[in-house]
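Input: a single structure, listed below in structure tokens.
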Amino acid sequence: MAKSRRSTIEMDKKEFRKIGYQLIDDISNFIGSIDQKPVTPNEGPSQLQDLLGNTSLPENGRPAAELIAKTTDLLFNHSLLNGHPKFLGYITSSAAPIGALADLLASSVNPNVGAQILSPIATEIEKQTIKWLCDFIGVPSDYGGILVSGGNMANFTAFLAARTAKAPQNIKEDGIQNTSNKLTVYCSKTTHTWIEKAVILFGLGTKSVRWIPTDASNKMETKALDNTIKKDLENGYLPLMVVGTAGDVSTGVVDNLSDISAICKTYNLWFHIDGAYGAPAAIVPKLKHLFTGIKDADSIALDPHKWLYSPLEAGCTLVKNPQHLIDTFSSHPEYYNFSKSGQDKAQNFYEYGLQNSRGFRALKVWLALQQVGRSGYKKLISEDIELSEMLYDLADQHPELEAVSQNLSITTFRYVPLENIDHKEYLNTLNEAILNELQTGGEVFLSNAIVNGQYSLRACIVNFRTSKKDIEEIIEIIIGTGRKVHLKISQERA
Ligand SMILES: *Cc1c(COP(=O)(O)O)cnc(C)c1O
């Protein structure tokens, strides 16, 4: 082997610069013209497989410049663009451009944010990000926490902390086999599917979930919660935690957090808030009242990759007493030399969650929080809500639309043709067909919600690119599509 090494995977400064400049040029053009493109090219898997070609693992390497150029084209022209101003589906935000730069920077330095010694400045940036997120949603900054990949992981991390804190003390040594069919958790019917994954993965089983009914406004019925816990205690169950939802996935409703908190105090249960979508709305003054109970939470999940507009992936778990995370996740193998004496105490994030090696996902969140600031976020989130309210009002006023619900930045509504208005089954079928047409048409992307048994179109605005003009155009697109689909189905049935 030659004395000096020339690795094929290395890029010298000149080459990196040339490819990098070209890529940045292409990305800026992409961002600058994203509203001109279809939301989705609507290509099927086999079409895309043809595009990639059925080739096997390349034997020999190819020039990086050629690969990056080809791949740029592939991604720009064959992706669903959730950064498009008319993408209002599910809860996926437009990605803040500063996040793209942050990711490039983060992966260039590549700190391993599992241990402080491997990521000195990155660890402090993540700690500061956590503090700022606490401040953002209005809980004291002595909450601790960790950034994770998304809402599911954020909720899992909190769930495990709750289990350690509230299950019998010897759970770490004995496992849960003696108590598993006794441990119970409480949440409303609107709770996101993460809870089912959690009880399956972490050994409690799906029977441990007590699905508390919701009232007419879709909030957890706290009287029923209280009664269910009482009955379970009488029957020898071991209640662990209650999950309150702050912004449910379908309709954006926030549970009555103060009432849930009071019940948790009465029975000494862990109070977790799933605020993956809605927690950032606590920054909006006129919505403050919805979040009064947030300070009482033992843990909170929120998703910077939703309403903080961070690129995927970024979720966050906040815990009132972070020692619960350490009690749950810390272990000290002999091959780690991470506990240095002498310096002030270092925080090692591998002790705070499930991951060991960890990327620097805090950077994109930290930078966006500074680029926009508290007042900027207040404005962006308020505008998203205003646009959502506007969509509701326009649907309400239109003779062929029926407004169904509006909470936070989620609006649900239906297309109702001028005739046939009372035909419940037909309206469900029709709106489902309209949604399918919209999702493949490329003009606008919505999703669906079943509200009180009605199949509804659903728009969730976590999109800083959406404007009033988009909302007005979306109404036109839906009316056009609604008429077309209605005509087609009626002709097929005739
Ligand atoms: C989106 C969402 C989740 C899941 O989060 P991911 O980031 O998709 O893993 C959980 N709960 C609620 C309320 C959500 O809105």
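Order of appearance sets the numbers: ligands from 1, and atoms from 1 within every ligand.
- For F349 and Y352, the ring centers are positioned less than 6.0 Å apart.
- The local environment of NZ in K131 is sparse, with at most 12 non-hydrogen atoms from other residues, nucleotides or ligands closer than 6.0 Å.
- Ring geometry, H272 versus W194: the interplanar angle exceeds 60°, so the pair is classed perpendicular (tilted spans 30 to 60°).
- Under the salt bridge (charged side-chain N to carboxylate O under 4.0 Å, His left out) rule, R358 has a single partner from E126, E351, E313, which is E126.
- Other residues, nucleotides and ligands contribute only 12 or fewer heavy atoms inside 6.0 Å of the NZ atom of K468.
- Sorted by chain then number, the residues whose non-hydrogen atoms approach ligand 1 to under 4.0 Å are I91, G150, G151, N152, N155, H192, W194, G247, V249, D274, A276, Y277, D303, H305, K306.
- Open room surrounds OH on Y237; 12 or fewer heavy atoms of other groups in view lie less than 6.0 Å from it.
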